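Written below as structure tokens is the structure these notes are about.
None of the values given here were measured: they were computed from a predicted structure.
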Amino acid sequence: NPETIEKPELVGVITDFSSRGPRADDLLMNPEITAPGQNVISAAMGEGAKTVQMSGTSMASPHMAGVMALMRQKYPKLSVRELKSVVMGTAVPVKDQQGKIDSVARQGAGQVNVSRAVKAQYVTEPAALSLGLQLIEKEKKISTSLRLKSLGDDDINLQISLETQSSAVSMLPQAVVLKPRGLSDIKLNWNLKASVLAGLEEEVTGWVVLKSGDWEQRIPFLVHLQKISNVKMTQASMGSSSDRDAEGSDASIELSNKGFNAGEAWAFNLIGLDDRKQESSSAIVSSECDLKAVGYRLNGDNLEIGVKLYRRMSTWSLCEVSVLFDKEGDKKIDAELALTTGARIPGLSGTTFVSTLLDYTVAQDLRKAAEEKSKTSKDKVVLDLSKAVLSQGEAIAGDLRSAVLIKIPLAALKSAVGSRPSIQVVTSSNERNVESDDYLKGAKNGHILSLNPEDQSWLGLGSCITKAGETKK
């Protein structure tokens, strides 16, 4: 007989390979529910009476499909959205191996429970509350709408409260009487506090709990809180008597933080400003990767380029930033400086963001050669651009930020493009391919960029962190 290994602590625990949310592009809740999906034994397709053991959504998804079939049988008049609400509202929160309730970002509403779902007393719309990114300076009040629909023939007296492990989010409790087969529209009033956040930001999850006697249903919520500061340049002064003798003189910038939280400012020589993208009614066109401003600075042995967008990126994996260099001014690209993870460049690896300088001509030749070979080869042709890489540097590309910093060694860059290249900066979305690339507005033939220290408008530019109420030069 097979040996039995008892591990009761693993029953009902989320697997270590289960993906967590929220969604990368809009911070909406995902996954939405948890179902059995590890070491599940099922019928082997096309194998008669044989079975197969598998793990993953290949097992969890058909489990949920079966659950929804039962829900359709139990509640034939409910819509698909309402059936989804029933299943999510009656799910049971999942705990980890230490007995602590797991984050909604990992489990969604909780583990599906059919025996509870067939006893549902009401439907909620929405079935989940994704509050997205909330920027807070000190304290913020927001409200969300909730519709309740009774499934029974008696009055339901509901007590509505919040369950969360964070004191940064609270909700005003309230009581509601839901009439038989009736509808009730209510407003949930939230209070968000920045002062209790341990760091700059925090992901807060939990449930809105609706209780009626011994029965309760739950609505999962997720919100990402981020502190904001109020840093502004209040003074700029030159160490000269006039503009005529300003060249080579000292200069200073004064930054004041009038807010309640510490803030960081990056200073650059301005290359150019760009307009907002035009609004579109199309569902597949968005304002992602909408370029706002580009600047540069010489910092020691590196060229540093700052790129700012009009909106924050939940992750920079959704947006590629490229600086295209034209050495001769002949409108032909000689080199490309790309912000991306290593793995996005064929032939390289790595999940962290880096600045990679590529010989553009070599890269194009390698692509063409791979395309030609794929036309005649029976084997899969793997593109490798590692031979086109000239240099790599650090990149600062934090999640939920609207600005990114690209660094590359000056020596490698000058060797590739000289000291006065023409450049163009372009952003492109990795998610919506129907959108055209966003090029920096400005000079028709690009922006001339000098890499010589003596040509700079400002030298010694860097980053400055100010505390709340602090002024720095």
Side-chain angles (χ1 to χ4, degrees), residues 5-23 28-42 53-75 78 80-131 146 151 160-166 203-223:
I5 302 176
E6 302 231 356
K7 287 191 175 183
E9 74 278 7
L10 297 184
V11 177
V13 175
I14 294 177
T15 63
D16 57 1
F17 58 81
S18 183
S19 299
R20 83 183 307 276
R23 284 192 338 200
L28 291 183
M29 190 181 301
N30 203 354
E32 294 178 307
I33 200 163
T34 299
Q38 183 175 19
N39 296 335
V40 177
I41 298 175
S42 182
Q53 178 179 286
M54 293 180 64
S55 298
T57 51
S58 297
M59 294 290 100
S61 294
H63 186 105
M64 282 305 305
V67 170
M68 296 310 292
L70 293 175
M71 293 302 102
R72 173 58 73 195
Q73 183 179 13
K74 172 65 179 177
Y75 306 105
L78 294 187
V80 173
R81 292 174 68 89
E82 290 173 332
L83 292 176
K84 175 181 175 180
S85 172
V86 166
V87 171
M88 291 179 64
T90 55
V92 179
V94 179
K95 297 181 180 180
D96 61 19
Q97 295 184 37
Q98 286 71 45
K100 182 180 177 181
I101 293 180
D102 245 322
S103 168
V104 165
R106 291 202 71 208
Q107 64 172 299
Q111 183 172 347
V112 61
N113 188 303
V114 176
S115 62
R116 279 179 48 80
V118 296
K119 300 174 185 176
Q121 295 184 359
Y122 41 84
V123 171
T124 67
E125 174 61 34
L129 294 163
S130 295
L131 306 182
L146 181 67
L151 300 178
I160 304 176
S161 60
L162 191 69
E163 181 181 299
T164 180
Q165 298 178 26
S166 172
E203 180 185 87
V204 180
T205 70
W207 286 265
V208 174
V209 182
L210 302 92
K211 294 197 69 170
S212 174
D214 295 332
W215 179 260
E216 69 175 34
Q217 290 179 218
R218 292 165 166 257
I219 306 171
F221 83 88
L222 183 150
V223 60

Take Gln165 and Lys100 through the side-chain contact (heavy atoms from CB on, under 4.5 Å) test and state the conclusion after the steps.
CA-CA 10 Å; Gln165 298 178 26; Lys100 182 180 177 181; 3.0 Å; yes
Holding to side-chain hydrogen bond (donor to acceptor under 3.5 Å, both in side chains), I want the full list of residues that pass it with Glu32, two or more places apart in sequence or in another chain.
Lys84
Is any side-chain heavy atom of Lys211 less than 4.5 Å from a side-chain heavy atom of Val209?
yes
Identify the two heavy atoms, one from Leu129 and one from Pro126, that lie closest to each other, and give their separation to 0.1 Å.
CD2-CG, 3.7 Å
Do Asp102 and Arg106 sit within salt-bridge range, that is, some charged N less than 4.0 Å from a carboxylate O?
yes
Could you tell me the separation between the OG atom of Ser212 and the CD1 atom of Ile160, rounded to the nearest 0.5 Å?
11.0 Å
Is there a donor-acceptor contact under 3.5 Å from the side chain of Gln217 to the main chain of Gln121?
yes
Where the side chain of Thr90 meets the backbone of Val86, is there a donor-acceptor pair that is under 3.5 Å apart?
yes
Please round to the nearest 0.5 Å and tell me the distance separating atom CD1 of Ile14 and atom OG of Ser19.
11.0 Å
Got a donor-acceptor contact below 3.5 angstrom from the Gln107 side chain to the Val94 backbone?
yes
Below 3.5 Å, can you tabulate the donor-acceptor pairs from side chains in residues 64-74 to any protein atom, sequence neighbours excluded?
| residue | atom | partner | partner atom | Å |
| --- | --- | --- | --- | --- |
| Arg72 | NH1 | Pro76 | O | 3.3 |
| Arg72 | NH1 | Leu78 | O | 2.8 |

Of all heavy-atom pairs linking Pro220 and Gly108, the shortest is CB-O, 4.1 Å
Rounded to the nearest 0.5 Å, how far apart are CG of Leu210 and OH of Tyr122?
4.5 Å
Quick one: does Val208's side chain get under 4.5 Å of Leu162's, heavy atoms only?
yes
With Pro22, which of Val223, Leu222, Val104, Thr205 fulfils side chain to side chain contact (heavy atoms under 4.5 Å, CB included)?
Leu222
Which atom of Ser55 lies closest to which atom of Asn39, heavy atoms considered:
OG-N, 2.8 Å
More than 12 foreign heavy atoms under 6.0 Å from CZ of Arg23: is that the case here?
yes
Locate the shortest heavy-atom distance separating Ser115 from Asn113; write the atom from each residue and the value.
OG-OD1, 2.6 Å
Non-neighbouring partners of Arg218 that pass salt bridge (Lys or Arg N to Asp or Glu O under 4.0 Å), sequence neighbours left out
Glu163, Glu216
State, yes or no, whether a side-chain contact exists between Val204 and Phe221 at a heavy-atom distance under 4.5 Å.
yes
Does Leu146 reach the side chain of Ile219, with side-chain heavy atoms less than 4.5 Å apart?
yes
Got a second to check how far Gln53's CD is from Ser42's OG, nearest 0.5 Å?
11.0 Å
Closest heavy-atom pair and its distance - Ala127, Ser85
CB-CA, 3.7 Å
Nearest heavy atoms of Lys119 and Tyr75, plus distance in Å
N-OH, 3.8 Å
